[in-house]
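Notes follow the structure.
Both ligands and their constituent atoms are indexed starting at 1 by order of listing.
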Amino acid sequence: MHTEKDLEIREHDALIVVDVQNDFLPGGALAVNDGDAVIPVINECMRLFTARCLSIYATRDWHPADHCSFAENGGIWPKHCVADSSGSQFAEGLRLPDDVTIVNKGTVSDKEAYSGFQGTDLADQLHARGVERVIVGGLATDYCVLHTVNDALANGFDVVILMHAIRAVDLDSGDGDRAIESMLERGARVHGGFSLAD
Ligand code: VGL
Ligand code: ZN
């Protein structure tokens, strides 16, 4: 569904890898079903970006231990991605390049921040590097991918979502599909695979 021909990666593209952290993987505190399936797809995409000297950003959920999103503090989520904990580390199999830019979010106790743009300088960094289009993959489709994509669009970037590089929490079944529909309605595009432009 929605899958178009392979994406051609080009100049002025940047890759945003959203929250591929242990707590969102099978066995983690807020495990996303099949979440580890995104890793090889994102690794391949990172390889192509690196070969082209294009920027790669990796967001991570980086919460204080008393974060408001945790059930023990009245929020809706189990305690997850506490800064520097093992659950907050990037997935072991994720092959981030040495020059990746890491973006921490959700770092303030009383503020939820699903988007990599919220409370960060990600938009400024992308604009400063002349980025026009962002390619997005990671976890989870219905929360941090959704909000990151919406903010990227609101900040004037074209957005491509890598369908094979996202997975949903699906607290209510269909949440992930509805998130994809709403991102498309706002102007995001979807691709199944990718290739290098000549
Ligand atoms: C996320 C729920 C809570 C996400 C982060 O990365 O999608 N979801 N915190
Ligand atoms: Zn969180």
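Between T101 atom OG1 and L15 atom CG the span is 11.0 Å, to the nearest 0.5 Å.
Using a 4.5 Å cut-off between side-chain heavy atoms of Ile, Leu, Val, Met, Phe, Trp and Tyr, with links allowed through other members, I102 and L25 fall into the same hydrophobic cluster. F70 and Y114 are assigned to two separate hydrophobic clusters, defined by single-linkage of ILVMFWY side chains at heavy-atom distances under 4.5 Å. Taken together through direct or relayed side-chain contacts under 4.5 Å among Ile, Leu, Val, Met, Phe, Trp and Tyr, W62 and V18 form parts of separate hydrophobic clusters. The hydrophobic clustering, which links ILVMFWY residues whose side-chain heavy atoms are closer than 4.5 Å, places V100 and L139 together.
For the residue pair R95 / T50, no side-chain donor-acceptor distance below 3.5 Å is found, with atom types taken as modelled.
Interface atoms of ligand 1 facing D19, defined by a heavy-atom separation under 4.0 Å, are 4 (C), 6 (O). Taking every non-hydrogen atom of D61 and a distance limit under 4.0 Å, the qualifying atoms of ligand 1 come out as 5 (C), 9 (N).
Its N, O or S atom nearest to the Zn ion (ligand 2) is what matters here, and for D61 that atom is OD2.
No more than 12 heavy atoms of other residues, nucleotides or ligands lie within 6.0 Å of CD in E11, so this atom counts as exposed by the packing criterion.
Heavy-atom distances between Q21 and ligand 1 stay at or above 4.0 Å for every pair.
Note: H147 and F117 fail the aromatic proximity criterion, with ring centroids not under 6.0 Å apart.
Here's the thing with Y143: none of its N/O atoms is less than 3.5 angstrom from an N/O atom of ligand 1. The distance criterion of under 3.5 Å between nitrogen or oxygen atoms is not met by Y114 with respect to ligand 1. Residue contacts with ligand 1: W77 is placed with no nitrogen or oxygen under 3.5 Å of a nitrogen or oxygen of the ligand (distance criterion only). Polar contact check, C144 against ligand 1: a nitrogen or oxygen pair lies under 3.5 Å apart. Any N or O atom pair closer than 3.5 Å counts here, and A140 shares at least one such pair with ligand 1.
In this structure, NE2 of H80 and NE2 of H63 enclose an angle of 100° at the Zn ion (ligand 2), rounded to 10°.
Neither the backbone nor the side chain of V169 has a heavy atom within less than 4.0 Å of ligand 1.
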